[in-house]
S.K.: 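Questions regarding the structure given below will be posed in turn.
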Amino acid sequence: MTPATEATLQTVQTAGAAQTIQSVDWVAIAPPVIAAVVALVVLVADLFLDNRRKPLLGWISLAGLALAGLSLIPLIGENRSTFCLTGGSGGSGGSGACSYVADPFALVIQFLALGGAFVAALLSVTSVKDDKLPEGEFWFLLLSSAAGAALLPASRDLATLVVALEVASLPAFALVGLRRGERRSSEAALKFFLSSVTATAVMLMGVSFVYAATGSMHLDAVAEGLPATDSRLGTLATTGVALTLVGFAFKTAAVPFHFWVPDTYVGAPLPVAAYLSVVGKAVGFSGLILVTLRAFPSYDHVWGPALAVLAALTMTVGNLGALRQRPDREHSAVRLLAWSSVGQAGYLLVPIAAAAWTDDRDRAVGATVAYALMYGVVNLGAFAVAALVGRTSAANRIGNYRGLVSSRPLAALCLGFFLLCLAGLPPGVVGLFAKVTVFGAAVDAGLGWLAVVMAVNVVIALYYYLQWTAVLFRTDGREDVPRVAPSGVLTATIAVTAVLGVAISGAPQLILRFADTALF
C-alpha cells in the first residue's frame with residue numbers, strides 16, 4: 001500500500017470516527033437524567049437507612065424532582081439537540097437527524113410531567129406511611145417513571161419514543177400493585193400490565209412496518225419517506241401508521257382502549273392514580289402528537305378521521321360512565337374521577353384530530369397543551385382532597401363527602417372549585433376557557449359534528465360534577481358526616497393546587513400564552 005493510499009484511508013477512518021463519536025449536551029438532557037440519577041440514589045440509600053429514617057427517601061425524591069424541574073430554566077428560549085447522526089450533535093441548533101431535541105414543545109410537556117410527578121410525590125409522603133408501602137421501592141419506581149415521562153416529549157425517533165414510553169409505564173405497573181396483601185391492587189396491576197403489554201406489542205409491530213417502508217426511525221426522515229414510499233409498500237406503511245396509533249391510543253385511555261382505567265385507579269394507591277391521570281396522559285398525548293404531526297403528516301387522511309371518531313367515543317363513554325356512579329357504591333369517588341379522566345381524554349383528542357384539517361397545526365397543539373395544563377392542576381387537586389378523605393373513609397364513597405364543609409371547610413371549598421373547573425363553570429374560569437379553546441379548534445377545522453358531540457358531553461358532565469359539589473355542602477345532620485384526619489402535607493398540596501387554579505382562573509390568558517410557546 002502506497003503512502004498516499006494509507007493517508008487517504010486514514011482520512012476516511014478519521015471522518016467516520018468523527019461522525020460516530022458525539023458530544024452529549026448534558027444541559028439539554030438534564031431533566032430526565034436528574035430524575036434517573038436521583039432514583040438510583042434513593043435505591044442505594046434504602047439499603048443503608050433503618051426504618052425510622054426511611055421517610056428521608058421521600059424528601060430526597062421531592063428534592064430530585066424539584067431539581068429536575070429547575071433544570072428546565074436554562075433551556076427556555078433555546079432549541080438544543082443531541083444524539084444526532086450527522087453534523088455536530090450537541091449544543092444549540094445542531095443539524096442532522098437527532099434523537100433528542102429540547103424545543104419549546106418538549107419543555108412545556110416536561111414541565112407538566114415533572115410538576116405532576118412532584119405533586120403526586122407530595123401526596124405520597126402521607127400515603128406511603130398510611131398504606132404501609134415499601135418506601136425505597138415506591139420512590140425508586142416513581143422517579144424512574146418520571147424520568148421516562150420527561151424523556152418522551154424530547155424524543156425524535158420511533159425507537160427512543162417506544163423506550164421512553166415503556167420506561168414511564170413499566171414502573172407504573174409495579175406502583176399500582178405495590179400494596180401487599182391487597183387483592184384489588186394485584187388484580188388492577190395485572191389488568192394494567194397485560195393490556196399495556198398487548199398495546200406495546202401492537203405498537204412495536206407498527207413501528208417495524210413503518211421502518212420497513214421508510215428505512216428510517218427518525219421522525220423527520222419518516223415524514224419525508226412516507227410520501228415517497230414505493231406503491232408496493234403502501235399497504236404496509238398504512239398498516240404501520242394505524243398500529244402505531246393504537247399503542248398511543250391505549251396510553252391516552254381512548255375508547256375502546258380505556259377498559260383498564262377504572263379498576264386500575266381504584267386498585268392503586270391514590271397518589272399513583274393521580275400520577276397516572278395527569279403524567280400518564282401527558283406521556284400518551286405528547287407521543288401521539290409527535291407521531292401524528294411530526295412523523296405521519298402525510299397520512300392525516302388516515303389518523304385525522306380515526307382520532308375524530310375516537311374523541312367522540314371517548315368523551316361520550318367516559319361521561320356516561322361517570323354519570324352511572326352511585327354515591328353509596330364503594331370507591332365511587334375514585335371511580336367517578338377515573339371515568340371523568342376518560343372523558344377529559346376525549347376533549348384532549350379533539351384539537352389533535354382537528355390538526356388534520358387545518359394549516360395552523362401549532363394552534364391545535366397549543367389547544368391540547370393548554371387543556372392538559374389546566375386539567376393537570378385541578379385534577380391533582382381533586383385527588384388530593386380524595387386522599388385526605390380516604391384517610392378516614394377507606395371506601396371513599398361520594399356519600400362520605402356529605403357535609404365535608406362542616407368538618408373541613410377549606411378542603412370542601414377547594415374540591416368544589418376543582419369540580420367546577422372540570423365542569424367549565426365559574427368561578428372555575430380556566431376550565432371554561434380551555435373548553436372554548438378546544439371547541440374553537442374543532443369549529444375552525446370544519447368539524448361541526450364533533451363540536452356538537454363535545455357540547456352535549458359538556459352538558460352531561462355538568463350533572464355529575466354539580467351533583468358531587470352539592471353533596472359537599474349538605475349538612476342535614478346525618479351520621480356519615482366525615483371527620484377527616486388532618487395532614488399537613490395533604491393540606492399544603494390542596495392549598496397549592498387551589499392557589500394555582502385560582503391564579504390561572506383569574507388570568508387564563510397566562511396558561512394560553514404559555515401553551516402557545518409550544519410551537520411545533
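Each residue takes its place number in the sequence, starting with 1. Side chains are part of it too, since the values below use all heavy atoms of this structure and drop only hydrogens, waters and symmetry mates. Quantities reported herein were computed from a predicted structural model and do not represent experimental measurements.
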S.K.: Can you tell me how far CE of Met454 sits from OG1 of Thr316, rounded to the nearest 0.5 angstrom?
M.R.: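 CE of Met454 is found 11.5 Å from OG1 of Thr316.
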
S.K.: Looking only at heavy atoms, what is the nearest atom pair of Ala212 and Leu233, with distance?
M.R.: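 For Ala212 and Leu233, the tightest heavy-atom pair comes out as O-CD1, 4.3 Å.
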
S.K.: Go through the structure and list residues passing side chain to side chain contact (heavy atoms under 4.5 Å, CB included) with Leu420, not counting sequence neighbours.
M.R.: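 Scan of Leu420 (side chain to side chain contact (heavy atoms under 4.5 Å, CB included), adjacent residues dropped) gives Leu425, Pro427, Leu466.
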
S.K.: Measuring from atom CG of Leu270 to atom NE2 of His331, what distance do you get when rounded to the nearest 0.5 angstrom?
M.R.: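 Atom-to-atom, Leu270:CG and His331:NE2 are 9.5 Å apart.
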
S.K.: Go through the structure and list residues passing side chain to side chain contact (heavy atoms under 4.5 Å, CB included) with Asp444, not counting sequence neighbours.
M.R.: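 Testing Asp444 for side chain to side chain contact (heavy atoms under 4.5 Å, CB included), a comparison that skips the adjacent residues, returns Arg363.
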
S.K.: Applying salt bridge (charged side-chain N to carboxylate O under 4.0 Å, His left out), which residue pairs with at least one partner in residues 298-321 are found, sequence neighbours left out?
M.R.: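 Salt bridge (charged side-chain N to carboxylate O under 4.0 Å, His left out) check on residues 298-321 returns Asp300-Arg361.
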
S.K.: Which residues pass the salt bridge (charged side-chain N to carboxylate O under 4.0 Å, His left out) test with Glu137, not counting sequence neighbours?
M.R.: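 If we apply the salt bridge (charged side-chain N to carboxylate O under 4.0 Å, His left out) test to Glu137, skipping adjacent residues, there are no hits.
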
S.K.: Using the test ring-ring contact (aromatic ring centres under 6.0 Å, His included), find all partners of Phe439 that sit at least two apart in sequence or belong to another chain.
M.R.: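 If we apply the ring-ring contact (aromatic ring centres under 6.0 Å, His included) test to Phe439, skipping adjacent residues, there are no hits.
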
S.K.: If I take atom CG from residue Leu143 and atom CD1 from residue Ile34, how far apart are they, to the nearest 0.5 angstrom?
M.R.: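 It comes to 12.0 Å.
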
S.K.: Under the rule for ring-ring contact (aromatic ring centres under 6.0 Å, His included), what residues qualify as partners of Trp357, not counting sequence neighbours?
M.R.: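 Once residues adjacent in sequence are excluded, Trp357 has no partner under the ring-ring contact (aromatic ring centres under 6.0 Å, His included) criterion.
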
S.K.: With the side chain counted from C-beta on, respond yes when Leu107 and Gln110 share a heavy-atom pair under 4.5 Å apart, and no when they do not.
M.R.: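 Contact flag for Leu107/Gln110 side chains = yes.
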
S.K.: Heavy atoms only: give me the nearest Pro74-Val27 pair and the separation to one decimal.
M.R.: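 Heavy atoms only, the tightest pair is CB-CG1, 4.3 Å.
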
S.K.: Could you pull out all residues at least two apart from Arg324 that satisfy side chain to side chain contact (heavy atoms under 4.5 Å, CB included)?
M.R.: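 Result, side chain to side chain contact (heavy atoms under 4.5 Å, CB included) vs Arg324: none returned.
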
S.K.: Go through the structure and list residues passing ring-ring contact (aromatic ring centres under 6.0 Å, His included) with Tyr299, not counting sequence neighbours.
M.R.: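 Partners of Tyr299 under the ring-ring contact (aromatic ring centres under 6.0 Å, His included) test: His301.
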
S.K.: With Val291, which of Leu161, Val241, Val222, Val207 fulfils side-chain contact (heavy atoms from CB on, under 4.5 Å)?
M.R.: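 Per the side-chain contact (heavy atoms from CB on, under 4.5 Å) rule, the option paired with Val291 is Leu161, out of Leu161, Val241, Val222, Val207.
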
S.K.: Drop me the distance from Arg156's CZ to Leu290's CG, to the nearest 0.5 angstrom.
M.R.: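 Here the rounded value is 5.0 Å.
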
S.K.: Can you give each donor-acceptor pair under 3.5 Å made by side-chain atoms of residues 274-287, sequence neighbours left out, with the distance rounded to 0.1 Å?
M.R.:
from, atom 1, to, atom 2, distance (Å)
Tyr275, OH, Ser145, O, 3.4
Tyr275, OH, Ser145, OG, 2.7
Tyr275, OH, Ala146, N, 3.3
Ser277, OG, Ala274, O, 2.8
Ser277, OG, Asn379, ND2, 2.9
Lys281, NZ, Ser341, O, 3.4
Lys281, NZ, Ser341, OG, 2.5
Ser286, OG, Ala282, O, 2.8
Ser286, OG, Val283, O, 3.0

S.K.: From Leu70 CG over to Ile73 CD1, what is the distance, rounded to the nearest 0.5 angstrom?
M.R.: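 One gets 5.0 Å once the value is rounded to the nearest 0.5 Å.
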
S.K.: Can you sort out the partners of Leu43 under side chain to side chain contact (heavy atoms under 4.5 Å, CB included), two or more places apart, ordered by chain and number?
M.R.: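 So Leu43 forms a side chain to side chain contact (heavy atoms under 4.5 Å, CB included) with Phe140.
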
S.K.: Please enumerate all residues that pass ring-ring contact (aromatic ring centres under 6.0 Å, His included) together with His258, with sequence neighbours excluded.
M.R.: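 His258 satisfies ring-ring contact (aromatic ring centres under 6.0 Å, His included) with Trp339 once adjacent residues are dropped.
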
S.K.: Does atom CH2 of Trp449 have more than 12 heavy-atom neighbours, drawn from other residues, nucleotides or ligands, at distances under 6.0 Å?
M.R.: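 Count over threshold, so yes.
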
S.K.: Not counting sequence neighbours, list each pair that qualifies as a ring-ring contact (aromatic ring centres under 6.0 Å, His included) and has a residue in residues 224-251.
M.R.: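 ring-ring contact (aromatic ring centres under 6.0 Å, His included) check on residues 224-251 returns Phe250-Trp260.
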
